[in-house]
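Since the structure comes first, as structure tokens, the remarks are kept for the end.
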Amino acid sequence: MASSRRDLAVRASVDQGLLSPAEPVVALLDTAGIRASAAALTSAFAAVTDAPVLHAFAVKAAPLVPVLRLLHEAGLGAEVASPGELALARAAGVPPTDTVLDSPAKTPAELRQALALGIAVNADNLQELDRLDALVASAPTASPLGIRVNPQVGAGSIGALSTATATSKFGVALRDEGARKAVVQAYLERPWLTRLHTHTGSQGVPLALMAEGVGEAYALAEEINRTVGRQQIDTLDIGGGLPVNFHSDEETPTYAEYARLLADTVPGLFDGRYGLVTEFGRSLLAKHGTVLTRVEYTKTSGGRPIAVTHAGVQLATRTVYAPDAWPLRVLAYDSEGRRRTGEDTVQDVAGPACFAGDLLATGRALPLLRQGDVVAVPDTGAYCFAHHYAYNSLPRPGIHGFTVAEDGDGGGGGDGVVTFTTVRKPQTLAEIVAESGGAHADALVG
Ligand SMILES: Cc1ncc(COP(=O)(O)O)c(C=O)c1O
């Protein structure tokens, strides 16, 4: 169970000195949980289709080389959206055949590199297609190439994460006047365009709307193949976007639910005529990351108890700036890492940054936190602690993977022993100075 593994890991973090007064904030990744999610994704699609499926993890969700290596070992590829993400995928050993490039602002140099490597590319717009024309004409490539379309099916509950709105910046807006015809024509003129891509995510978008977006892309692929008179589009990239439950340890909705919904609403998608690519990010990692921080001080202000910790805007940027859209749970442990029980008290849990809004939780009911206590912030494995925001020059924390020894013989031997491995070292002050122009101290004087 993920929550009992987490409790053991919190305790072990204190016992083993990972979390200490000198290292008051760390991030943990539950290796078994990540593996389980990867397996759930793979088996959910295997249950509904025999077609080849590349599950390309959206690197943006957890841009960490060891995470990409783990997922690759579990059979997943990588969806990259920048030269940096591509470099991470390559460093993790993800081969070009398992990599997809999707960003909206690819430079000619990025496109050239992708085609030279044989990485799949989804053109975001028709200008990008012009660039691909020139590259394809200049040198042979093994890259599967496609176009991203925006089915314009509408928004979910979080505007900033809704990619399929009428005016979204992503893809060719399919319902705009003349757009559908232009896309069909583009395929007619380019026999090397063999893929079609859409991503109707992400958090806050209901499954039915995601499936509707996929259905629109499927219908367009059918239309294009009919018009061309052959199966020119052989692969559909249906994006990612499965939402995550941030309110409890329950992992809902599930990949199986989504795959079944797709099978019901877009049955042709799975009948074997199309290879498939998926690009899930948040749903693979979010539940398996936990931030741990020590309570440095407690105080009251206007009668409200406040626990001041070392985890705030630098790690949970979206939560701090948009708390209603991105609520996070906060769990209270004592200074030895044992779960605090007892009566709930309404309190604020603050971060270390120097602005008033740096709060992980406002008016939250939980056992009263004391100085030296440990606070755990679960569900932070995606788009959170690996996405450091450098406010106040706060250092990036160390990230540690953990495993919990199972009781193999049932006799209780090694049960519950937690082993940590370094995923990323904490940033040093020297590194902060270096990346803040330390080598150019005189640049603006004299
Ligand atoms: C093109 C594309 N694919 C996949 C994803 C991953 O979405 P999620 O992490 O919600 O699964 C995103 C997220 O922004 C995206 O833009």
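Values in this document were obtained by computation on a predicted structure and should not be read as measured data. Every number for a ligand or one of its atoms is a count from 1 in the order of the listing.
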Is Arg148 salt-bridged to Glu128, going by a charged N under 4.0 Å from an acidic O?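 Answer for the salt bridge query: no.
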
Between Arg175 and Glu216, does at least one N-O distance fall below 4.0 Å, as a salt bridge requires? yes

With heavy-atom distances below 4.5 Å as the criterion, would you say the side chains of Pro144 and Thr235 are in contact? no

For [X], counting its heavy atoms only, list the atoms of ligand 1 lying under 4.0 Å from any of them.
X: Phe280; value: 11 (O)
X: Gly281; value: 8 (P), 9 (O), 11 (O)
X: Glu79; value: 1 (C), 2 (C), 3 (N)

Sole residue of Thr319, Val349, Val320 in side chain to side chain contact (heavy atoms under 4.5 Å, CB included) with Leu328: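 The single option meeting the side chain to side chain contact (heavy atoms under 4.5 Å, CB included) with Leu328 is Thr319.
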
Within-shell test, Tyr383 vs ligand 1, heavy atom, strictly < 4.0 Å: yes

Mark the output for Gly241 as yes if a heavy-atom distance to ligand 1 is under 4.0 Å, and as no if none is. yes

Strictly under 6.0 Å, is that where the ring centroids of His199 and Phe170 end up? no

Proximal candidate to atom 15 (C) of ligand 1 [heavy atom criterion; set Arg282, Glu279, Lys60]: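 Closest candidate by heavy-atom distance is Lys60.
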
Note the single closest protein heavy atom to atom 5 (C) of ligand 1, along with its residue, its atom name and the distance in Å. His199 CE1, 3.5 Å

Atom 10 (O) of ligand 1: nearest protein contact (heavy atom, Å):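 Closest protein heavy atom to atom 10 (O) of ligand 1: Ser202 OG, 2.8 Å.
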
Does the ring of Tyr333 carry Arg340 above it, NZ/CZ under 6.0 angstrom from centre and within 45° of its axis? no

